[in-house]
Q: 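A single structure is presented below for examination.
Order of appearance sets the numbers: ligands from 1, and atoms from 1 within every ligand.
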Amino acid sequence: MLTNSIRTSNLAIDLLADSPASTYKKNNVVVVATGGTIAGAGASSTNSASYTAAKIPVDALIDAIPQVQDLANIRWVQALQIASESMTDKELINLARQVNDLAKRSDVNGIVVTHGTDTMEETAFFLSLVIRSDKPIVLVGSMRPGTALSADGPLNLYSAVALASSDTAKGKGVLVMMNDTIFAARDVSKIINIHTNAFVSQWGALGTIVEGKPYWFRESTKRHNSSSEFNIESIEGDSLPLVGIVYGANNMLPQSYLVLQQAGAKAIIHAGTGNGSVADYIVPTLNKLQSEGVQIIRSSHVPQGFVIRNAEQPDDTYGWVVAHDLNPQKTRLLTALALTKTTDAKEIQRMFYEY
Ligand code: DGL
């Protein structure tokens, strides 16, 4: 095994150039590992839900599926080893810088990011907004640890490498590969926490993979990657403008929003009921916050549909923004990036309709 070091923005990446001499031209794929269940281990093969995430190193994940060597020239890097619920904007920004550095390399044709499924949709969406590259970037995880009966990780990882090494995946945006299905980063969400068919997109998957071959049926109509106005290279430091989320239900408290302002939030995502609905006794608090420079974004915790502007709430009058079809956790990320460019609510609203 040869090791070559690549100095990136903040991290020295020791890539193990491991592919044996190939008999035909294969694309070069780098696997960037971050942890999650796909790197998890349980006490027994019947522990498919009780296990510890982020235990198995990336070289062991790849060694477990030698078949991937037939798909691409594989190199890998252990960027993180954490459960994805523990990702913060600091890890997200540094991961994006690492992926961006790799995407700019002429000897890298595609990138796979192994990741926990809890926040995979957030990382995928963020990368689709800030990485100015059309090279395939594929996020993959698993719902069962590799130690479990019928573990889904090995085939998911094999399919993700197949997808990242496919020229047909160029320009499709950041992709999520789970359960034989190819999803667009902006549309996908985890809706089941215990089964392998955990991920869906309300607008439909982009395609599927069968025996390592991608089959495409649709493309995203939204701005992403090379067409994005955002760029990880324009983000300074390792934090984003603070944006908080408040989950809507009955019996809300104004303090739930005020405490976020006191913490320094520049925007608050109202993860409302229904059409991002706001209780009448909460409206004065949101208007006070908006008047004090805290952007108000109406999202919804209803998994399908999209928030319609000026339906029950007069958004034009209040100067509020609607998140359209993005879920609250993705809304937070787009809002944070928007705030790196503007505090104008109309400009932020444009972004929600374009990305
Ligand atoms: N701790 C969760 C995570 O890392 C496990 C879920 C998974 O990866 O499937 O996201």
Q: Below the 3.5 angstrom mark, is there an N/O of His115, backbone or side chain, next to an N/O of ligand 1?
A: no

Q: For Ser84, counting its heavy atoms only, list the atoms of ligand 1 lying under 4.0 Å from any of them.
A: 3 (C), 4 (O), 10 (O)

Q: Could you check whether Asn231 and Asn100, counting side-chain N and O atoms only, form a donor-acceptor pair closer than 3.5 Å?
A: no

Q: Any salt bridge linking Glu233 with Arg132? Criterion: basic side-chain nitrogen under 4.0 Å from a carboxylate oxygen.
A: no

Q: Give the atom numbers and elements of ligand 1 that come within less than 4.0 Å of a heavy atom of Tyr51.
A: 5 (C), 6 (C)

Q: Suppose I only count heavy atoms of Gly116 and a 4.0 Å limit; which atoms of ligand 1 are within that range?
A: 3 (C), 4 (O), 8 (O), 10 (O)

Q: Considering only non-hydrogen protein atoms, determine which one is nearest to atom 1 (N) of ligand 1 and report residue, atom name and distance to 0.1 Å.
A: Glu85 OE1, 2.7 Å

Q: One pair to check against side chain to side chain contact (heavy atoms under 4.5 Å, CB included): Asn109 and Asn28. What are the steps and the verdict?
A: CA-CA 5 Å; Asn109 304 110; Asn28 300 327; 3.4 Å; yes

Q: With no hydrogens and no angle check, do the side chains of Asp134 and Ser226 hold a donor and an acceptor under 3.5 Å apart?
A: yes

Q: What part of Ala54, side chain from CB on, backbone N/CA/C/O, both or neither, has a heavy atom under 4.0 Å from ligand 1?
A: neither

Q: Among protein heavy atoms, which lies nearest atom 5 (C) of ligand 1, and at what distance?
A: Thr37 OG1, 2.9 Å

Q: Which ligand 1 atoms, with their elements, are less than 4.0 angstrom from a heavy-atom of Ala83?
A: 1 (N), 4 (O)

Q: Under 4.0 Å from any heavy atom of Gly36, which atoms of ligand 1 are there?
A: 4 (O), 8 (O)

Q: Has the side chain of His324 got a donor or acceptor atom that lies under 3.5 Å from a matching backbone atom of Gln349?
A: no

Q: Given 3.5 Å as the limit, does a donor-acceptor pair link the side chain of Arg186 with the main chain of Arg223, or not?
A: no

Q: Does Ser142 come within less than 4.0 Å of ligand 1, judged by its heavy atoms?
A: yes

Q: Between Ser159 and Asn156, do the side chains contain an N or O donor and an N or O acceptor separated by less than 3.5 Å?
A: no

